[in-house]
Amino acid sequence: MKKVVLVFASVLIAAMILSNPLNAADKVDAVKIGVVDLQKVIIQSTGGKEARGLFEGEMTAKKKALTEKEEMLKKLRSEIDKGGISDSAKKEKEDNFQKDARDLRRLRDETESTLREMDKAITVKMIGEIREVISKLGDEGKYTLILEKDASVLYMPNTIDLTGRVIENYDKQKAKK
């Protein structure tokens with residue numbers, strides 16, 4: 001009888017050990033986490049460099065137009081300040097100067113607004129394209145979670161950083177278009 005109780009106790013202990021919740025974690029799928037530095041993707045990717053070049057080209061053209069208007073205003077101001085002209089001509093030039101100065105301020109405001117909207121549109125489009133690349137990478141790599149690198153992550157090993165792969169895949173996607 002002692003042998004039966006001893007065998008039964010051994011079987012019971014073995015069953016408890018095997019059904020231990022710690023071993024249950026081995027049976028669950030592993031959690032796979034990755035992080036991506038979106039800012040780095042935007043700056044270093046081919047698509048990001050092209051977008052930045054397009055934006056800077058537009059900005060340069062608009063700055064040139066503003067500079068030309070400013071130079072025109074400076075010349076008009078120097079003509080007004082020069083003297084040797086009648087009061088009526090001086091008043092007419094002063095009125096033209098004020099009108100041109102208002103036009104310049106309006107043009108500057110419109111230019112800044114246009115550039116902000118262009119920057120926002122480019123950024124929104126790029127982030128949408130980058131998110132598609134990240135989603136595809138997440139599906140292919142069977143990631144459970146992919147976070148933005150600066151999303152209050154207090155610690156992470158470099159091995160989970162997918163930024164390089166995202167840049168590579170995004171560049172490949174842009175090259176196809």
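Keep in mind it's a predicted model, so treat the numbers as computed, not measured. The analysis underlying the following values was restricted to heavy atoms, covering all of them including side chains, and did not include hydrogens, waters or symmetry mates.
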J.: Only pairs under 3.5 Å count here: list side-chain donor-acceptor contacts from residues 39-59, not counting sequence neighbours, and write none if there are none.
T.:
| residue | atom | partner | partner atom | Å |
| --- | --- | --- | --- | --- |
| Ser45 | OG | Val41 | O | 2.7 |
| Ser45 | OG | Gly48 | N | 3.0 |
| Thr46 | OG1 | Asp171 | OD1 | 3.2 |
| Thr46 | OG1 | Asp171 | OD2 | 3.4 |
| Arg52 | NH2 | Ile43 | O | 3.2 |

J.: Do Met126 and Val124 share a hydrophobic cluster, counting only Ile, Leu, Val, Met, Phe, Trp and Tyr and linking them when any side-chain heavy atoms are less than 4.5 Å apart?
T.: no
J.: Do the non-hydrogen side-chain atoms of Val36 and Ile146 ever get within less than 4.5 Å of each other?
T.: yes
J.: Counting only heavy atoms from other residues, nucleotides and ligands, does the tally under 6.0 Å from CZ of Arg77 exceed 12?
T.: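 Yes.
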J.: Out of Ile167, Thr163, Val166, which residue meets the side chain to side chain contact (heavy atoms under 4.5 Å, CB included) rule with Asp37?
T.: Thr163
J.: Would you call Lys99 and Asp95 a salt bridge, using N to O less than 4.0 angstrom?
T.: no
J.: With distance as the sole test, does Thr67 use its side chain to make a donor-acceptor pair with the main-chain N or O of Lys63 at under 3.5 Å?
T.: yes
J.: Rounded to the nearest 0.5 Å, how far apart are CD1 of Ile127 and CD1 of Ile122?
T.: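 Atom-to-atom, Ile127:CD1 and Ile122:CD1 are 12.0 Å apart.
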J.: Can you pull the salt bridge (Lys or Arg N to Asp or Glu O under 4.0 Å) pairs that have at least one residue in residues 110-128, sequence neighbours excluded?
T.: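 For residues 110-128: Arg106-Glu110, Lys125-Glu129.
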J.: Out of curiosity, Asp100 CG to Gln98 CD, how far, rounded to the nearest 0.5 Å?
T.: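 So the gap between those two atoms works out to 9.5 Å.
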J.: Carefully, step by step, assess Glu168 and Lys172 under the rule salt bridge (Lys or Arg N to Asp or Glu O under 4.0 Å).
T.: CA-CA 6 Å; Glu168 182 181 311; Lys172 286 178 186 175; 3.5 Å; yes
J.: Tell me if the NZ atom of Lys174 is crowded by more than 12 foreign heavy atoms within 6.0 Å.
T.: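 Yes - once you tally the heavy atoms of other residues, nucleotides and ligands closer than 6.0 Å, there are more than 12.
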J.: Can you measure from NZ (Lys74) to CZ (Phe97) and round to the nearest 0.5 angstrom?
T.: 11.0 Å
J.: Roughly how far, to the nearest 0.5 Å, is the CD1 atom of Ile160 from the NZ atom of Lys149?
T.: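 These two atoms lie 9.5 Å from each other.
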J.: To the nearest 0.5 Å, how far apart are CD in Glu71 and CG in Leu66?
T.: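 Here the interatomic distance stands at 12.0 Å.
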J.: In residues 130-141, what donor-acceptor pairs under 3.5 Å come from side-chain atoms, sequence neighbours left out?
T.:
| residue | atom | partner | partner atom | Å |
| --- | --- | --- | --- | --- |
| Ser135 | OG | Arg131 | O | 3.0 |

J.: Would you compute the distance between atom CG of Leu107 and atom NZ of Lys62 and round it to the nearest 0.5 angstrom?
T.: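 Taking CG in Leu107 and NZ in Lys62, the distance rounds to 8.0 Å.
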